[in-house]
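From a predicted model like this one, the values you see are computed outputs, not experimental measurements.
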Amino acid sequence: MNIEETMIAVDGRTGPIAAMTRTVGNMGASARRGICLLDARLRTLSAEPEEGATTAEYAVVLVAATGFAAVLVALLKSDTIKTLLTDIVKKSLSVG
């Protein structure tokens, strides 16, 4: 008995080998679909931590910028810097 004879029985129904082939084919399709879903989920999970890192980087930059601004304000309030800046402006506004 060869494979073609067992695939379709005399009464028109499929034989056990055809049913098994269909079952294996369905399992392969299901496995491929599961692998695709798993791959998509892993890519999503690996992309999400980067968004949090970006937010943390912005926070660090904002803290550094605020500290730099505080240092500049402290410098500009000192008498030495005020005198220096006033002299520069007077020199640039004088015509001769």
Side-chain angles (χ1 to χ4, degrees):
M1 188 183 245
N2 62 25
I3 294 176
E4 292 176 4
E5 291 173 357
T6 58
M7 290 185 115
I8 299 178
V10 179
D11 59 358
R13 293 184 295 172
T14 57
I17 293 179
M20 188 172 51
T21 303
R22 241 187 346 268
T23 302
V24 170
N26 290 342
M27 286 174 22
S30 177
R32 280 191 297 277
R33 188 171 38 253
I35 289 171
C36 286
L37 290 173
L38 179 63
D39 180 54
R41 182 64 183 150
L42 288 175
R43 288 177 190 262
T44 302
L45 288 174
S46 66
E48 288 175 1
E50 292 297 322
E51 294 172 6
T54 303
T55 304
E57 289 168 5
Y58 281 127
V60 169
V61 168
L62 286 174
V63 168
T66 304
F68 185 67
V71 169
L72 282 178
V73 167
L75 282 175
L76 290 175
K77 284 187 174 183
S78 70
D79 289 333
T80 308
I81 300 297
K82 279 184 186 177
T83 306
L84 181 65
L85 288 176
T86 306
D87 290 343
I88 290 173
V89 171
K90 283 181 182 178
K91 254 187 197 178
S92 64
L93 292 177
S94 67
V95 179

I'd like to know whether Leu84 forms a side-chain contact (heavy atoms from CB on, under 4.5 Å) with Thr80, so could you lay out the CA-CA distance, the side-chain angles of the two residues, the decisive distance to 0.1 Å, and finally the verdict.
CA-CA 6 Å; Leu84 181 65; Thr80 308; 5.7 Å; no

If I take atom [atom1] from residue [X] and atom [atom2] from residue [Y], how far apart are they, to the nearest 0.5 angstrom?
| X | Y | atom1 | atom2 | result |
| --- | --- | --- | --- | --- |
| Lys90 | Asp87 | NZ | CG | 6.5 Å |
| Ile81 | Leu85 | CD1 | CG | 6.5 Å |
| Tyr58 | Leu62 | OH | CG | 9.5 Å |

Of the non-hydrogen atoms in Lys82 and Lys77, which two are nearest, and what is the gap between them?
CE-O, 3.6 Å

Using the side-chain hydrogen bond (donor to acceptor under 3.5 Å, both in side chains) criterion, which residues pair with Asp79? Sequence neighbours excluded.
none

